[in-house]
Number of protein chains: 2
Amino acid sequence: MPPAPLPQQLDELSELLGGMCTAAAGALNRATAALLESRERLAVQVVAGDSEIDALRAQVEELACDALLFHNPVAGDLRAVVAAIRTAGDIERMGDLALHIAEVVRIRHPAPALPAEVLPAFEKMGRVAVQLAVKAAEVVRSRNVLLAAELDRDDDEMDVLHRGMFEVMMDPAWPHDIPTAVNVTLLARYYERFADHAVVVARETVYAVTGQEPDALPI
Amino acid sequence: MPPAPLPQQLDELSELLGGMCTAAAGALNRATAALLESRERLAVQVVAGDSEIDALRAQVEELACDALLFHNPVAGDLRAVVAAIRTAGDIERMGDLALHIAEVVRIRHPAPALPAEVLPAFEKMGRVAVQLAVKAAEVVRSRNVLLAAELDRDDDEMDVLHRGMFEVMMDPAWPHDIPTAVNVTLLARYYERFADHAVVVARETVYAVTGQEPDALPI
């Protein structure tokens, strides 16, 4: 069978990357539910499901190599293919971070991984992170540069939540022990990193579409 | 000026990636010295120096795109170019992690970032991580698959050190406060992640050279 034409392969790449982002959003959504409600079986499902995201990354790279081999793309098309390779790496990492959260839940079960009073903040971090991943999916599918710019702003909310978590723990009146502080620290960092990768995915898409880093654009 | 022949461009890519790894090793070495001895100026130098590693990544991507544009490489050569794009991302991240360590030193200065009794363990983590980065530099320069296999084993030492750090903190007799535990947790994670990226760099090189994931090889 002859290879598909380049525009079709580029569309397929966008579609695969969008699917990866959606899968990562779903994984984080489930990991957060498992974390908030100490649901071990749900955590195990998230861990098991990560291999699907890894398989999607392999598909992206295979398709990207096909596009390079058969069509020798130039200019914006070449940038799109190179960006797809980079972006797939970031989204795979988002899946890994959802997996790390689920693993903490699984290891601590039946004890909850977090003390009750930080749950609302983690619920918010989970919501913001999932929204970022869903928006990143839309950005890679639509290649919408204006929408991409929104992710930088949305991520500020994550940074505020992340910093707030540390301020809570730094209060000498914080009533919990060191193992709890270690868990809160790592879990908060997983959410913050997940969100950061979603932002990078959007920025890489901007670069692919415009040939410029987002900071250089008047948007 | 006509573009260089493909073999020369591939050599240049290896050389640039080796230089990136060496720079990341140097940054982590200095960040560790700054951490162990609370040296603020050294920490500031590490933070300032990260832009050089970022600039090297941009050079790698530019050269990789040139190679794709002008030579339309196939098979192993195409894998080498794609792996270079991926690998540069991992090494840039290693530089970021050295920067994060230096930032903790800078923020805590003149107070030390770590309590005295964990310094020997961090000194070891720093040594192992720098060795991994130096070996990764040799792997990307030499494309030596057997040497690459060593990194997986070397990383086991980091995992032991990293786990040991958590065991120390989990001891109810651990005499430090929550802010200290938070710092130890994050700093230990930065070292562990740095080492992990060095291993990934070696694994990507194996894939580029052999077309197979390292786990599938009889080495």
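Below, chains carry the letters A, B, ... as their sequence lines are ordered, and counting in each starts from 1.
Interface remark: of the candidates A:Ala88, A:Ala181, A:Pro179, A:Pro179 forms the most heavy-atom pairs closer than 4.5 Å to chain B. Counting heavy-atom pairs under 4.5 Å between each of A:Cys65, A:Gly89, A:Pro172 and chain B puts A:Cys65 at the top. Heavy-atom pairs under 4.5 Å with chain B peak, among A:Leu78, A:Val74, A:Val82, at A:Leu78.
Of all heavy-atom pairs between B:Arg86 and A:Ile85, the closest is CG-CG2, 3.9 Å. Contact between B:Met169 and A:Ile178 at its shortest, heavy atoms only, is O-CG2, 3.5 Å. The two residues A:Leu69 and B:Pro73 make their nearest non-hydrogen contact at CD2-O, 3.9 Å.
Proximity to chain B (any heavy atom under 4.5 Å) is restricted, for A:His176, to the backbone atoms N, CA, C and O. Only the backbone of A:Asp177 comes within contact range of chain B, with heavy atoms under 4.5 Å apart.
Each of A:Asn183, A:Val184, A:Val182 was scored for a side-chain contact (heavy atoms from CB on, under 4.5 Å) with B:Thr185, with one residue passing: A:Val182.
Shown here is A:Glu103, whose CD atom has more than 12 heavy atoms of other residues, nucleotides or ligands within 6.0 Å. Within a 6.0 Å sphere centred on CD of B:Glu123, other residues, nucleotides and ligands contribute more than 12 heavy atoms. Within a 6.0 Å sphere centred on CD of A:Glu12, other residues, nucleotides and ligands contribute more than 12 heavy atoms. Within 6.0 Å of CD on A:Glu62 lie no more than 12 heavy atoms contributed by other residues, nucleotides or ligands.
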